[in-house]
Amino acid sequence: MDMERVLVAGAGQMGRGIAQVLAEAGYAVVLCDTSQALAERGRALIADQWQRAVARGKLTPDAAAAALARIEPVADLAAAAGCQLAIEAVPEDLTVKKDVFQQLDTYLPADAVLASNTSSLPITQLAAATRRPWQVIGMHFMNPVPVLPLVELVRGLVTADEVYEQARALVLRLGKTPVLVRDVPGFVSNRVLMPLVNEAVWCLYEGVATAADVDRVLTLGMRHPLGPLALADLIGLDTCLAILEVLHQGYGDPKFRPCPLLRQYVQAGWLGRKSGRGFFTYTDGGPAGPSPALARTGQGTGG
Ligand SMILES: NC(=O)c1ccc[n+]([C@@H]2O[C@H](COP(=O)([O-])OP(=O)(O)OC[C@H]3O[C@@H](n4cnc5c(N)ncnc54)[C@H](O)[C@@H]3O)[C@@H](O)[C@H]2O)c1
């Protein structure tokens, strides 16, 4: 099956990253969000990345222009009609994802593949929302997509061998490394990572150390490139909370219970980098220090 034209649903941080690597590899990409403005903003942010690469001499202006021409921003999933693959990267919410899957199932050609970039939700359950469950697969890209080589490939209960092989070939063409995992909540990545993130939030909540010091223990002591709280800010605190809820419910194990502080930050709209504030505050240029309110409540850090 020819998969040269791919629809990416969701032009948030993951959808943009996936669209970027697909366009760089020569695929025609239809980038869909809930409004034309959001889809176009997604394309513009990808263009910024390529402009930076051009400025650093890593990409020629012609290659950047050609890749940009391969991305078509749209506001309607009906554009899936011309695609052989759709990769869904909408928020980590089962209801939202099921709705998108049902729409994509309606619009995609009968032999097309439907992939989800979900971090934790059951692929089998998403597949069951469609009339083509054997053509549904999890393709879990890592953040930031252009930088990290891993893609977890998650086979649902009835995912066909052929579909798995197609997804694997696509990942290899992107220059990335596929790892096959079973369809369990959080797969391997977030089943292992989220308890670490959550425990770091518990440490902050209980006043064990400041946010910066919790992170320093992991960066300086364990050589993690990012501390768990900065990583949570990068992932998005709403996404971390959603994943922990799926793990907690999926395994029925209290070890996954989300820390109340994480829930409170999400309620406050502190979603991490994407909202400018999470455990740390951010300017467009990067981290700007501890969250001011954290500093006020004594939970912050001297930096
Ligand atoms: N953030 C991470 O580090 C990370 C890593 C791997 C996987 N994921 C997964 O990727 C998915 C997206 O996460 P994100 O961080 O990009 O979120 P995000 O909030 O940055 O982006 C989600 C985008 O989806 C759009 N959207 C919402 N409903 C839509 C619809 N019906 N049709 C089209 N677009 C719609 C939103 O407007 C938004 O632009 C989630 O399932 C998440 O769990 C996230």
Side-chain angles (χ1 to χ4, degrees), residues 7-21 29-46 73-80 83 86-107 114-123 125-126 129 138-154 176 179 181 185-194 197 226 228-247 250 266 269-276 278:
L7 180 134
V8 177
Q13 56 179 340
M14 293 306 291
R16 289 197 301 273
I18 295 166
Q20 179 179 336
V21 297
V29 181
V30 180
L31 183 59
C32 181
D33 210 296
T34 47
S35 71
Q36 190 66 27
L38 280 174
E40 277 169 17
R41 178 174 171 269
R43 184 172 179 267
L45 289 171
I46 296 169
V74 302
D76 191 345
L77 291 170
C83 299
I87 303 178
E88 164 281 307
V90 303
E92 191 74 345
D93 178 313
L94 187 61
T95 311
V96 176
K97 286 198 190 284
K98 270 182 162 173
D99 174 54
V100 167
F101 260 55
Q102 274 160 357
Q103 289 192 55
L104 288 172
D105 189 31
T106 311
Y107 297 127
L114 239 168
S116 175
N117 184 51
T118 179
S119 304
S120 60
L121 293 164
I123 297 303
Q125 200 171 356
L126 292 175
M139 293 181 77
H140 185 209
F141 289 83
M142 302 292 130
N143 184 15
V145 180
V147 176
L148 295 180
L150 176 71
V151 180
E152 278 184 313
L153 288 180
V154 189
K176 298 195 179 292
V179 169
V181 300
F187 318 127
V188 170
S189 52
N190 283 312
R191 182 175 175 174
V192 174
L193 176 63
M194 279 303 142
V197 165
L226 264 186
L229 298 175
L231 179 58
D233 279 353
L234 175 69
I235 293 168
L237 303 194
D238 52 339
T239 302
C240 291
L241 178 61
I243 297 168
L244 281 161
E245 304 270 31
V246 170
L247 291 167
V266 173
W270 295 8
L271 306 182
R273 278 177 186 257
K274 64 184 166 187
S275 72

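Counting starts at 1 for both ligands and their atoms, following the listed order.
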Kindly identify the option in [options] whose heavy atom sits closest to [atom].
atom	options	result
atom 40 (C) of ligand 1	Val90, Leu271, Leu77	Val90
atom 39 (O) of ligand 1	Leu148, Asp33, Ile18, Val145	Asp33
atom 29 (C) of ligand 1	Val8, Val96, Thr34	Thr34

Inset, instruction - Look at the side chain of Gln20 and the backbone N and O of Pro146, then say whether any donor-acceptor pair between them is shorter than 3.5 Å. - result: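 Looks like no, no N/O pair under 3.5 Å.
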
Inset, instruction - Indicate yes or no for a side-chain donor-acceptor contact from Arg16 to the backbone of Ala11 under 3.5 Å, with no hydrogens or angles considered. - result: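 Checked: pair present.
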
What I'd like to find out is whether the side chain of [X] reaches to under 4.5 Å of the side chain of [Y], using heavy atoms alone.
X	Y	result
Leu150	Lys176	no
Leu247	Met194	yes
Val179	Val151	no
Leu148	Asn143	no
Val246	Thr118	no
Glu88	Val8	no
Ser116	Phe101	yes
Ile243	Val197	no

Of all the atoms in ligand 1, which lie at a distance below 4.0 Å from a heavy atom belonging to [X]?
X	answer
Thr239	42 (C), 43 (O)
Ser119	6 (C), 7 (C), 8 (N), 9 (C), 42 (C), 43 (O), 44 (C)
Glu92	40 (C), 41 (O), 42 (C), 43 (O)
Val100	30 (C), 31 (N)
Asn143	1 (N), 2 (C), 3 (O)
Lys97	40 (C), 41 (O)

Closest protein heavy atom (residue, atom, distance) for [atom]:
atom	answer
atom 23 (C) of ligand 1	Gly12 N, 3.7 Å
atom 13 (O) of ligand 1	Met14 CG, 3.9 Å
atom 10 (O) of ligand 1	Asn117 ND2, 3.0 Å
atom 20 (O) of ligand 1	Gln13 N, 3.1 Å
atom 27 (C) of ligand 1	Pro91 CD, 3.3 Å

Should [X] be counted as touching ligand 1, given the test is an N or O pair under 3.5 Å?
X	result
His140	no
Lys274	yes
Gly15	no
Ile235	yes
Thr118	no

Legend entry - Exercise: do Glu92 and Thr239 side chains pair donor with acceptor under 3.5 Å: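 There is no such pair between these side chains.
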
Inset, instruction - List the steps and the verdict of salt bridge (charged side-chain N to carboxylate O under 4.0 Å, His left out) for Asp238 and Lys274. - result: CA-CA 10 Å; Asp238 52 339; Lys274 64 184 166 187; 3.1 Å; yes

Inset, instruction - Would you please determine whether Ala89 falls within less than 4.0 Å of ligand 1 on a heavy-atom basis? - result: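 Yes, Ala89 has heavy atoms under 4.0 Å from ligand 1.
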
Inset, instruction - Give a yes/no verdict on whether any heavy atom in Glu88 is under 4.0 Å from an atom of ligand 1. - result: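 Distance cut 4.0 Å: Glu88 fails for ligand 1.
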
Inset, instruction - Could you tell me which residues satisfy ring-ring contact (aromatic ring centres under 6.0 Å, His included) with Phe187, sequence neighbours excluded, listed by chain and number? - result: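 In terms of ring-ring contact (aromatic ring centres under 6.0 Å, His included), with neighbours along the sequence ignored, Phe187 is linked to His140.
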
